[in-house]
Amino acid sequence: MSKSFKVLALAVSALALTQLPAAAQTKVTDQGISATEIVVGTHQDLSGPIKVWGVPVSNGMKMAVEEINAAGGINGRKIKLILEDSGYDPKRAVLASQKMVERDKVFAMVGPMGSPTVLAAQDILFDAGVLQLFPLTAAEFTFKFDPAKPQERLKFNNLLPYVESTRAAVKYMLETKNFKKPCIMYQDDEYGKNVLDGFTQQVTAMKLQPASVTSYKRGASDFSAQVAKMKSDGCDMVVLGTVIRETIGAMGEAKKLGWDVTFLGATPTNVLEVPALGKEAVEGLYAASGFEIPYEDTAKGKVKDWLANYKKMFGTDANTQAIIGYNAMMTFAFYANKAGKDLTGQKMMDALESGEKFMDIFNSPPTKFSKTDHLANTITQVQQIKNGRWVLVKEGLMF
């Protein structure tokens, strides 16, 4: 063997050895854990364009914390929840996350709100070894991770993902309604692009061409140009990668134009505020969803009690968002309990990746993670607004 070849071989071997620990080990913090307390953080939109999500999500989380602590906490430790307002602004989410990691010393970030805000702030968490658990966005970046980047193992998502749920719902609608000219209007951000990906993948798989693809900037309130274009393009089904007011605005514009077209919303449209605020404008809307929305007059057992307790605590009816916030904290508590009395970051990771199932009280599909899959669920429902209420149309869907 030549001297130069030997030198090269040694260099390659040394490089391989230096890469092994980085590929195998994830740094996870133990900060925020004391003998009596576990400090967790969250950032929500409490004052911005999606505060109708952020406020009830926060309420649901607070309710869960109160219940957990009243029952003795997690192996004797009480949860301390640090709540910061991002205003659905990525810059504010970054500052809030820095504050919670560096000053409040949070052990985990639980249920942070929004695709653009979570994306902007997540590297702060990963660099500090802080777990990012169950964010209020189902974008792919919240659960897909590169095994060669060990800090990405810190992210877990328990929500139905936008791409998969959109694909399943679109497939169901196209097959059962025989639509031939599907279209999409989506929010021009990470959330909307995930919905677009799901739509595009499914129509391509079914050998169809979109009749129209149009977008809008986050925060927009006028959708006349987009709706007019889709009508002109002859759409027979419109997929909405929208949130609440944009859903109502788009469907209201269609009503003004006398355009009778079927609308299918992504999962964030499947909330009580859409029929409550949109009224006749949104009647007939279909939406992808992860669980059936409970109503107080028809709910039973634990769910009925939960709805009554929420109303007593916050003076308003519970909604989809409150359930999601409540479940985020209850899911955290379940896996923290499984991690044992000697709680550490690594033991929490092991519990999350153990394959143990968490079952909520709302009859949602079970939450379960593994070492290779940090997404809990891909089973989709389709619901529809009928007489001002969400009604289950089809369940158990996958694309």
* **Lys80, Met348, Glu37 screened by side-chain contact (heavy atoms from CB on, under 4.5 Å) with Phe107, the one that passes** => Met348
* Does a side-chain heavy-atom distance below 4.5 Å link Phe223 with Thr247? -> no
* Lys386 side chain vs Gly284 backbone, donor-acceptor pair below 3.5 Å -> no
* To do: Kindly work out whether a path of hydrophobic side-chain contacts (I/L/V/M/F/W/Y, heavy atoms less than 4.5 Å apart) joins Met359 to Leu159.
  => no
* Asked: Should the pair Trp306 and Phe362 be assigned to parallel (<30°), tilted (30 to 60°) or perpendicular (>60°) ring geometry?
  -> perpendicular
* Hey, is the main chain of Lys27 close enough, under 3.5 Å, to the side chain of Gln151 for a donor-acceptor pair? -> yes
* Asked: Where do Asn75 and Lys341 come nearest, in terms of heavy atoms and distance?
  -> ND2-N, 3.8 Å
* Is it true that atom NZ of Lys181 has more than 12 heavy atoms of other residues, nucleotides or ligands lying nearer than 6.0 Å? -> no
* Is it the case that more than 12 heavy atoms not belonging to Gln209 sit under 6.0 Å from its CD atom? -> no
* Asked: Is there side-chain contact between Tyr286 and Met237, with heavy atoms separated by less than 4.5 Å?
  -> no
* Could you tell me how the ring of Phe263 sits relative to the ring of Trp259: parallel (under 30°), tilted (30 to 60°) or perpendicular (over 60°)? => perpendicular
* Quick one: pull up NZ in Lys368 and CD in Glu356 and give me the separation to the nearest 0.5 Å. => 10.5 Å
* **Between CE on residue Met61 and CE on residue Met329, distance to nearest 0.5 Å** => 3.5 Å
* Asked: Do NZ/NE/NH1/NH2 and the carboxylate oxygens of Asp85 and Arg92 come within less than 4.0 Å?
  -> yes
* **No-hydrogen, no-angle side-chain donor-acceptor test under 3.5 Å, Ser289 and Gln383** => yes
* Trace of the side-chain contact (heavy atoms from CB on, under 4.5 Å) decision for Val227 with Lys256 -> CA-CA 10 Å; Val227 173; Lys256 285 182 191 176; over 6 Å; no
* To do: Would you mind reporting whether Gln122 and Met109 have side-chain heavy atoms less than 4.5 Å apart?
  => no
* Check whether any side-chain heavy atom of His43 sits under 4.5 Å from a side-chain heavy atom of Ser97, and report yes or no. => yes
* To do: Check whether Val195 and Leu119 end up in the same hydrophobic cluster, where Ile, Leu, Val, Met, Phe, Trp and Tyr are linked by side-chain heavy atoms less than 4.5 Å apart.
  => no
* Over all atoms of both residues, closest heavy-atom pair of Val243 and Thr269 -> O-CG2, 4.0 Å
* Asked: With distance as the sole criterion, is a donor-acceptor pair present between the side chains of Asn194 and Glu140 under 3.5 Å?
  -> no
* Has the side chain of Glu353 got a donor or acceptor atom that lies under 3.5 Å from a matching backbone atom of Phe369? -> no
* **Main-chain N/O of Thr137 paired with Asn157 side-chain donor or acceptor, under 3.5 Å** => yes
* Asked: Aromatic ring centroids of Tyr191 and Tyr162 under 6.0 Å?
  -> yes
* Under 6.0 Å from the CD atom of Glu66, do we count more than 12 heavy atoms belonging to anything else shown? -> no
* Are any side-chain N or O atoms of Asp233 and backbone N or O atoms of Cys235, one a donor and one an acceptor, separated by less than 3.5 Å? -> no
* Asked: Side chain of Ser370, backbone of Gly355: donor and acceptor closer than 3.5 Å?
  -> no
* Asked: Given the rule in the side-chain contact (heavy atoms from CB on, under 4.5 Å) test, do Leu285 and Trp390 qualify, once you have shown the distances and angles that lead to the verdict?
  -> CA-CA 9 Å; Leu285 169 67; Trp390 286 105; 3.8 Å; yes
* State yes or no: do Val239 and Val213 share one hydrophobic cluster built from I, L, V, M, F, W and Y residues joined by side-chain heavy-atom distances below 4.5 Å, directly or via other members? => yes
* Between the side chain of Gln44 and the main-chain N/O of Gly111, is any donor-acceptor distance below 3.5 Å? -> yes
* **Residue Asp297 excluded, over 12 heavy atoms near CG under 6.0 Å** => yes
* To do: Nearest 0.5 Å please: distance from the OG atom of Ser224 over to the NZ atom of Lys229.
  => 14.0 Å
* **Reported OG1-to-CD1 distance for the pair Thr214 and Ile184, which is rounded to 0.5 angstrom** => 10.0 Å
* Is Leu307 close to Pro294 at the side-chain level, that is, under 4.5 Å between some pair of heavy atoms? -> yes
* **Minimum side-chain heavy-atom gap Lys177-Leu264 below 4.5 Å** => no
* Separation of Glu152 CD from Phe143 CZ (nearest 0.5 Å) -> 12.5 Å
* To do: Determine, stepwise, if the pair Asp197 / Arg167 fulfils side-chain contact (heavy atoms from CB on, under 4.5 Å).
  => CA-CA 9 Å; Asp197 285 346; Arg167 284 197 66 171; over 6 Å; no
* Would the number of heavy atoms belonging to other residues, nucleotides or ligands and lying under 6.0 Å from CD of Glu280 be above 12? -> no
* Which heavy atom in Leu208 sits nearest to a heavy atom in Lys180, and how many Å separate them? -> CD2-O, 4.2 Å
* Asked: Are any side-chain N or O atoms of Gln31 and backbone N or O atoms of Val101, one a donor and one an acceptor, separated by less than 3.5 Å?
  -> yes
* Asked: Are Phe156 and Thr331 close enough that some pair of their side-chain heavy atoms sits under 4.5 Å apart?
  -> no
* To do: Look at Arg218 together with Asp188 and state whether they make a salt bridge at an N to O cut-off of under 4.0 Å.
  => no
* When you look at CG of Asn387, are more than 12 heavy atoms from neighbouring residues, nucleotides or ligands closer to it than 6.0 Å? -> no
* Quick one: does Gln226's side chain have a donor or acceptor within less than 3.5 Å of a partner on Ser215's backbone? -> yes
* same_hphob_cluster(Trp53, Phe314) at 4.5 Å side-chain heavy-atom cutoff -> yes
* **Shared hydrophobic cluster, Val303 / Tyr295 (ILVMFWY, side-chain heavy atoms < 4.5 Å)** => yes
* **Worked check of salt bridge (charged side-chain N to carboxylate O under 4.0 Å, His left out) between Lys51 and Asp45** => CA-CA 5 Å; Lys51 65 182 180 182; Asp45 181 2; over 6 Å; no
* To do: Looking only at non-hydrogen atoms, find the nearest pair between Ala288 and Ser165 and report the distance.
  => CB-O, 3.9 Å
* To do: May I ask you to test the Lys155-Thr142 pair for a side-chain heavy-atom distance under 4.5 Å?
  => no
* Pair Leu83-Lys62, side-chain contact (heavy atoms from CB on, under 4.5 Å): steps then yes or no -> CA-CA 10 Å; Leu83 170 64; Lys62 291 173 186 175; 3.8 Å; yes
* Checking Tyr172 side chain against Phe399 main chain: does a donor-acceptor pair fall under 3.5 Å? -> no
* Asked: How long is the gap from OG1 on Thr320 to CD on Glu273, to the nearest 0.5 Å?
  -> 7.0 Å
* Asked: What are the two closest non-hydrogen atoms of Asp104 and Val39, and how far apart are they?
  -> O-CG1, 3.8 Å
* Structure fact -> Closest non-hydrogen contact found for Ala376 with Thr367 is CB-CG2, 3.8 Å
